[in-house]
Each structure stands twice: as structure tokens, then as C-alpha cells.
Amino acid sequence: MITPALTRAVETVMREASDRAIKARYRKLELDQIMDKGVNDVVTIADQESEAILTARLSQILPEACVVGEEAVAADPTVMEKLKDNLCWIVDPLDGTMNFSQGKAPFGVLVALADKGETIGGWILDTLTGRFCHAGLGKGAHIGDYRIKARTSGETPPVAAISTLFMNDGMREKFMALAAPHYTLVDIPRCAAEQYPRLVLGTNDVSMFNRTLPWDHAAGVLFLNEAGGMAARPDGTPYRVNEYERRDLVGAASPELWADFAKFALQMH
């Protein structure tokens with residue numbers, strides 16, 4: 001199902017949404033166009049406009065597929081249930097909204113296609129640079145027209161970008177005590193559309209995510225795994241989009257780095 005023609009069609013839609021809804025409003029937002037969505041989370045008019053474009057256009061590409069968008073779920077949480085037994089587009093219309101709302105990079109658009117909970121296609125667009133990452137299940141990972149293999153940073157100790165935003169204080173302290181001595185810790189970009197490419201391109205060696213919502217992770221997990229890295233739950237089970245209530249996900253530039261880091265993640269509980 002994940003053909004070059006489908007990828008070209010998805011890329012066209014993503015670039016349209018990026019140009020019309022996101023780039024057009026970059027550093028031009030009015031205060032009333034930025035709304036609080038929860039702790040450490042905001043939504044903007046650009047998110048809403050981008051999702052409207054993506055939902056309409058992706059529905060034309062595959063009318064048989066449902067669309068599960070981040071903002072649609074915010075309005076009606078029962079939309080998530082479509083992920084369980086259907087063919088579904090999964091849409092993050094503006095990933096890195098906090099960065100975008102503050103007038104800084106990175107931010108982008110994420111789209112995935114899943115069938116009965118298994119991700120079969122993933123597409124990642126960096127809005128400002130235009131970098132387009134994509135992967136199909138069993139078909140490898142690509143940036144633009146070029147197939148890519150994940151590479152490590154080569155640093156000792158390995159470079160770890162860890163999201164602790166959604167950890168409670170006790171878990172955060174325990175994690176830092178366990179893992180910090182073994183890794184060079186760096187800031188996260190607060191943007192999955194940037195974090196997963198960093199794991200493939202040799203910038204970071206490992207990342208851990210506590211909150212694992214499908215629109216943030218489906219495309220990136222597939223991209224990293226198809227590039228020869230590894231993304232999975234700390235116990236080694238695959239990431240599935242219909243298990244959206246589960247916590248914790250580890251991504252790494254190689255299976256060996258993943259296994260080393262997963263030991264710390266498992267000790268957190």
C-alpha cells in the first residue's frame with residue numbers, strides 16, 4: 001500500500017498545510033490565536049487550520065481510511081477508538097507547537113498510516129528546512145529520494161536526549177540517578193519531528209519518551225526502525241498506535257544502544 005505514488009501525494013498535502021497554515025503564521029500570531037491546552041501544552045490557530053487541510057486532503061487520497069487528528073481528539077476523545085480496528089491516517093498538524101508559538105524552531109508536520117494498530121507508513125516534514133523523512137513498513141527509510149541507514153554519534157559516553165516533561169518528580173530523580181552517569185545528557189528539541197531524525201542522523205544516540213501519543217510517535221518510530229535503529233517499549237514489545245494509554249518508549253540509533261538504555265528504563269518502575 002505504501003507506494004512511491006502515495007508518498008508523493010502525502011508529501012504534497014503536507015507541504016500545502018505547512019505553507020498555507022504554518023509558515024504563513026510563523027512569528028505573526030496574535031495573543032488570542034494561542035490557547036492553553038494543558039500543562040506544558042498549547043494550541044494555535046495554525047494547528048487548527050493545518051489539521052483541517054490535512055484531514056480534507058488525506059481523506060481524498062484514501063477515502064476508506066479514518067482520520068485521527070490531534071485536535072479532533074482534543075475536541076472528542078472517543079475519536080481515538082478508531083485506531084483499534086480500522087485503517088487510519090494519524091495526523092499531528094503542527095508538531096512542536098510550543099516552539100512555534102514562541103517564534104523558534106524546530107517544528108513540523110507528522111502523518112502516519114496505521115492498519116488495525118500497526119503503523120505501515122510514516123511521513124515527517126520539517127516546516128522551515130523542508131526536510132522530508134518517510135518510511136514504509138518493510139520498505140526502508142528515506143530522506144527525500146535517498147535511502148538512509150541510522151548511524152550513532154560515535155561519542156563516549158553516548159548522547160541521550162531524554163524527555164522528562166511528563167515524569168513526576170520522584171520518577172525524574174530516580175531516572176537521573178540511574179542513567180545520568182552513563183550518558184551525556186542533552187536537551188530535547190520538544191519536537192518529535194526533529195527528535196527521531198536526530199536518532200537516525202548521528203546527532204543523538206538514545207531518547208526516552210514518557211507520553212507516547214500516536215500523532216507524536218507513529219511516524220518517527222517507523223522511520224527509526226526502518227532505518228535500522230530501534231524504537232520499542234522498554235520491555236521490548238513493539239509500539240502500537242492502538243495502545244495509546246501505555247507509557248514509556250525508548251528509541252536508539254542501534255539495537256545495542258537500545259538494549260543498554262532499556263535496562264535503566266525498566267528500573268524506573
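Because the structure is predicted, anything quoted here is derived from the model rather than measured.
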Checking [X] side chain against [Y] main chain: does a donor-acceptor pair fall under 3.5 Å?
X      : Y      : result
Asp92  : Glu70  : no
Ser101 : Met98  : yes
Arg27  : Gly103 : yes
Thr184 : Val159 : no
Glu226 : Ala135 : no
Thr55  : Ala52  : no
Arg190 : Gly96  : no
Asp47  : Val43  : no
Ser207 : Ala161 : yes
Asp76  : Thr78  : yes

Going by side-chain hydrogen bond (donor to acceptor under 3.5 Å, both in side chains), name the residues that satisfy it together with Asp145, two or more places apart in sequence or in a different chain.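 Asp145 satisfies side-chain hydrogen bond (donor to acceptor under 3.5 Å, both in side chains) with no residue once adjacent residues are dropped.
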Heavy atoms only: give me the nearest [X]-[Y] pair and the separation to one decimal.
X      : Y      : result
Pro157 : His182 : CB-O, 3.3 Å
Cys66  : Lys82  : CB-CD, 4.0 Å
Ile2   : Gly136 : CG2-CA, 3.9 Å
Ala231 : Asn225 : N-OD1, 2.8 Å
Ala72  : Glu51  : N-OE2, 2.9 Å
Cys88  : Val68  : SG-CG2, 4.1 Å

Using 0.5 Å steps for rounding, measure from the CG atom of Leu249 to the CG atom of Asp216.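 Spacing of CG (Leu249) from CG (Asp216) equals 10.5 Å.
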To the nearest 0.5 angstrom, please state how far the OG atom of Ser254 sits from the CZ atom of Arg151.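 Between atom OG of Ser254 and atom CZ of Arg151 there are 14.0 Å.
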Answer yes if the side chains of Thr127 and Ser18 hold a donor-acceptor pair under 3.5 Å, and no otherwise.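 There is such a pair (donor and acceptor under 3.5 Å, judged by atom type) between the side chains of Thr127 and Ser18.
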Test salt bridge (charged side-chain N to carboxylate O under 4.0 Å, His left out) applied to Asp235 - qualifying residues, sequence neighbours left out: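 Asp235 satisfies salt bridge (charged side-chain N to carboxylate O under 4.0 Å, His left out) with Arg246 once adjacent residues are dropped.
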Qualifying residues under salt bridge (charged side-chain N to carboxylate O under 4.0 Å, His left out), relative to Glu16, sequence neighbours excluded: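 So Glu16 forms a salt bridge (charged side-chain N to carboxylate O under 4.0 Å, His left out) with Arg20, Arg57.
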Test of understanding: clusters of I, L, V, M, F, W, Y form through side-chain heavy atoms closer than 4.5 Å, transitively. Do [X] and [Y] belong to the same one?
X      : Y      : value
Ile143 : Leu199 : yes
Ile61  : Trp215 : no
Val10  : Ile53  : no

Taking only residues two or more places apart in sequence, or in another chain, which ones meet Thr156 in a side chain to side chain contact (heavy atoms under 4.5 Å, CB included)?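 Applying side chain to side chain contact (heavy atoms under 4.5 Å, CB included) to Thr156 gives none.
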Salt-bridged, Arg131 to Glu194, with N to O below 4.0 Å?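 Looking at Arg131 and Glu194, the cut-off is met.
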Students often mix this up, so state it plainly: with edges at 30° and 60°, are the rings of His134 and His142 parallel, tilted or perpendicular?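 Ring orientation of His134 relative to His142: parallel.
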Residues which pass ring-ring contact (aromatic ring centres under 6.0 Å, His included) with Tyr196, listed by chain and number, not counting sequence neighbours: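 Only Phe209, His217 meet the ring-ring contact (aromatic ring centres under 6.0 Å, His included) criterion with Tyr196.
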Can I get a per-line list of side-chain donor-acceptor pairs under 3.5 Å for residues 107-124, giving both atom names and the distance, sequence neighbours left out?
| unit_1 | atom_1 | unit_2 | atom_2 | d |
| --- | --- | --- | --- | --- |
| Trp123 | NE1 | Thr7 | OG1 | 3.1 |

